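The figures here come from the full heavy-atom set of this structure, side chains too, leaving out hydrogens, waters and symmetry mates. Quick caveat: nothing in here was measured; it's all calculated off a predicted structure. By convention in this document, chain letters (A, B, ...) are assigned in the order of the sequence lines, proteins followed by strands, and residues within each chain are numbered from 1.
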2 protein chains.
Amino acid sequence: MTLARVAGELGVSAMTVSNAYNRPDRLSGALRERVFETADRLGYNGPDPVGRSLRRQRTDVVGVLYSNPLSYAFDDPAAVSFLRGLSAVTEGADLGLLLVPAASGSSGGRDPRAAAQAAVDGFVVYSMSDEEPLLAAALGRDLPAVVVDQPFREGVPFVGIDDEAAAREAAGHLLELGHERLGVVSFALSPDGREGVADLGRQGGAAFHVSRSRLRGYRGAIEDADLPWPEVPVYECPGSTAALGHRAAGALLSLQQRPTAILASSDQLALGVLAAAEELGLSVPGDLSVVGFDDVPQGAVADPPLTTVRQDHDEKGSLAGRMLVSLLRGEDGPGPRRLPTRLVVRASTAPPPRLRAATGGALP
Amino acid sequence: MTLARVAGELGVSAMTVSNAYNRPDRLSGALRERVFETADRLGYNGPDPVGRSLRRQRTDVVGVLYSNPLSYAFDDPAAVSFLRGLSAVTEGADLGLLLVPAASGSSGGRDPRAAAQAAVDGFVVYSMSDEEPLLAAALGRDLPAVVVDQPFREGVPFVGIDDEAAAREAAGHLLELGHERLGVVSFALSPDGREGVADLGRQGGAAFHVSRSRLRGYRGAIEDADLPWPEVPVYECPGSTAALGHRAAGALLSLQQRPTAILASSDQLALGVLAAAEELGLSVPGDLSVVGFDDVPQGAVADPPLTTVRQDHDEKGSLAGRMLVSLLRGEDGPGPRRLPTRLVVRASTAPPPRLRAATGGALP
DNA sequence: CTGAAAGCGCTAACAT
DNA sequence: ATGTTAGCGCTTTCAG
């Protein structure tokens with residue numbers, strides 16, 4: 001059933017039917033009623049969205065691009081929180097939110113054709129690596145786009161945090177407590193899915209801006225304390241889940257020189273570290289200190305509650321949404337911005353065992 | 001930049017360019033290369049998705065309809081889990097997932113026009129009330145649709161659980177422990193946003209199938225135990241959050257006849273009940289037993305761990321996805337189905353105070 | 001292997 | 001207040 005057939009049935013022009021739906025003011029109320037009545041009778045549901053989009057050159061849909069399979073996003077509390085903030089804004093603006101399917105290819109990256117095939121007015125690019133072909137494909141479409149947690153790209157608005165400074169603060173906290181043997185559990189450095197200890201070369205060549213910056217922050221703080229960065233083991237996880245953090249901690253804690261503290265790139269990973277420590281009979285923070293990143297709710301109620309770097313994912317999503325909406329409307333909106341972070345010290349960090357003994361009980 | 005202009009530039013027909021993208025086999029490799037090269041040079045990104053959808057009468061997108069503002073879905077662990085299962089299947093089938101924006105109207109329901117305006121090949125209707133105009137609008141479009149957690153509608157495939165039997169089991173557990181004064185914290189009975197104790201009339205007229213069935217299950221078990229259902233206070237919350245559960249418990253626990261056990265329609269609500277009990281200085285399960293519904297991860301690590309009804313939300317989403325995909329492809333797929341549930345007894349339930357005293361210490 | 005014709009359903013711009 | 005014309009960008013069908 002089409003607009004034209006409803007018009008035919010009624011003996012009016014197609015425009016009149018179209019106007020009944022889109023411009024009530026250009027139509028007598030009576031005729032409008034008759035149009036709807038006829039439409040109802042014929043089972044016409046209003047203008048076809050695709051025809052309308054083609055004609056208006058507008059879909060009223062925002063596309064979300066994610067670096068991993070979509071279902072992973074729903075496993076990550078940080079991503080969920082981001083989507084909540086984003087969806088609140090897009091729904092408020094009456095825009096649909098399209099989760100773009102980009103089945104991962106063999107290279108580990110996601111299928112760049114996905115960007116070309118999405119019927120959207122703009123993109124929110126979330127947590128993607130710098131060289132991902134999908135990112136290039138999306139930006140190449142010359143639609144409004146907002147990039148989240150990425151480095152600045154000429155002309156592309158972005159939202160993020162100062163990852164390097166935040167990481168530096170996290171590491172600084174451990175250093176101040178007196179730790180000298182640190183370990184890092186990082187999420188992916190590149191989309192190739194590799195897991196294991198990453199050498200200096202791989203660290204420097206990291207394609208994920210976020211991972212690279214955090215590593216740089218950890219490194220900066222450690223070198224400022226005159227400790228040798230090359231001796232800090234960096235275990236790379238191809239994702240951000242407790243299971244991967246668990247495995248990483250297993251590897252790090254069985255090293256000859258076992259770290260007394262672990263810096264994790266996310267709370268999910270840190271939660272896995274906590275679980276691994278418990279299994280190994282190590283007490284946290286007695287034998288091992290752990291710092292997370294993100295401040296997701298689960299971290300606050302973990303055992304022990306996690307020291308972490310707080311960032312507001314909800315606000316990140318909301319801000320990205322507001323930026324994109326104003327871009328779509330051609331209005332001025334919020335500009336590129338780095339959101340604040342804050343170190344939240346809870347119970348998963350303490351001085352290293354040696355010092356604690358010295359302070360706690362070993363007086364002359 | 002359009003397909004036709006690329007064709008013009010190359011001196012071939014539009015069809016040839018179209019085929020380069022869609023039917024590589026109908027084209028010499030050399031020509032195909034030249035087409036892509038020219039496209040690249042002109043900044044053409046491949047066939048426009050909207051034009052293509054209009055012509056093919058297919059969008060390769062599945063729409064998700066939700067009873068509440070979309071952002072609420074991301075607050076509800078059960079919904080998130082459902083979306084994870086669903087998105088894994090749709091992405092596997094190379095379909096986009098469109099979160100349809102249906103800004104809520106004044107009646108509390110959601111805007112039915114949203115369904116008409118979504119450019120999709122089919123719908124997944126999640127957790128919607130029976131009489132929601134949006135539901136009717138969606139089904140009226142005569143697209144393939146799968147309804148989740150809803151009652152059977154002639155010809156519309158559905159996925160759900162046996163809410164009544166599951167609720168009956170939950171209530172039965174409390175009754176077996178010896179509880180005689182129960183209270184219920186239910187989520188919405190109708191989309192009108194009302195909060196407070198619901199009388200029998202409102203209970204019977206509940207527009208949300210899930211709420212109605214669970215109430216019926218609770219009631220059945222209670223009446224089977226020869227206890228008077230009308231004396232069981234049912235507090236209705238217009239959503240499923242810990243904050244609402246907290247408020248509900250506040251009301252229920254300040255009643256003259258304070259319940260010794262509370263049945264909550266979701267773990268989120270139950271978690272709020274736990275918090276309220278703690279604030280009131282009531283020990284759970286010492287002074288108060290609490291049973292949730294859903295078995296979300298937070299329930300298992302709550303203090304005390306929550307007794308609840310387990311259901312597999314992930315599988316629910318996955319099954320709904322598989323049903324819709326096979327419908328879209330015109331293949332046979334899984335049929336309508338009720339997924340299994342199971343009562344998981346943890347530490348939030350115990351015999352009521354009176355009996356515990358009698359059993360515990362007061363022997364002759 | 002390549003192309004011509006036709007039309008998917010709609011609405012902007014311009015009449016009347 | 002209503003109608004006419006044109007064309008958004010693409011691909012199906014059929015012919016070479």
DNA chain D: 5'-most and 3'-most nucleotides touching chain A, 4.0 angstrom heavy-atom criterion: D:dA1 to D:dG9

Could you list the residues that satisfy side chain to side chain contact (heavy atoms under 4.5 Å, CB included) with B:Asn19, not counting sequence neighbours? B:Met15, B:Arg23, B:Arg26

Quick one: side chains of residues 139-160 of chain B, donor-acceptor pairs under 3.5 Å with protein atoms, not counting sequence neighbours, listed by atom name and distance.
residue  : atom : partner  : partner atom : Å
B:Arg141 : NH1  : B:Ala115 : O            : 2.6
B:Arg141 : NH1  : B:Ala116 : O            : 3.4
B:Arg141 : NH1  : B:Ala118 : O            : 2.7
B:Arg141 : NH2  : B:Ala118 : O            : 3.3
B:Asp149 : OD1  : B:Lys316 : NZ           : 2.8
B:Asp149 : OD2  : B:Lys316 : NZ           : 2.9
B:Gln150 : NE2  : B:Met128 : O            : 3.1
B:Gln150 : NE2  : B:Asp130 : OD1          : 3.0
B:Arg153 : NH1  : B:Asp130 : O            : 3.4

Going by the rule side chain to side chain donor-acceptor pair (under 3.5 Å), which residues pair with A:Asp76 if we only count those two or more places apart in sequence or in a different chain? none

Which residue pairs pass the salt bridge (charged side-chain N to carboxylate O under 4.0 Å, His left out) test when at least one of the two sits in residues 42-54 of chain B, sequence neighbours left out? none

Side-chain polar contacts of residues 323-331 of chain A - donor-acceptor pairs under 3.5 angstrom, sequence neighbours left out - could you list them?
residue  : atom : partner  : partner atom : Å
A:Ser326 : OG   : A:Arg322 : O            : 3.0
A:Ser326 : OG   : A:Met323 : O            : 3.0

Under 4.0 Å protein heavy-atom contact, by nucleotide of nucleotides 10-16 of chain C - B base, S sugar-phosphate only: BBB----

Heavy atoms within less than 4.0 Å of DNA chain C: which residues of residues 27-41 of chain A have one? Give them sorted by number. none

With sequence neighbours excluded, tell me which residues meet salt bridge (charged side-chain N to carboxylate O under 4.0 Å, His left out) with A:Asp192. A:Arg202

Residues two or more places apart in sequence or in another chain: which of them pass side chain to side chain donor-acceptor pair (under 3.5 Å) with A:Arg337? none

Among all residues two or more places apart in sequence or in another chain, which pass the side chain to side chain donor-acceptor pair (under 3.5 Å) test with A:Thr38? none

Sequence neighbours excluded, which residues qualify as side chain to side chain donor-acceptor pair (under 3.5 Å) partners of B:Ser81? B:Arg84

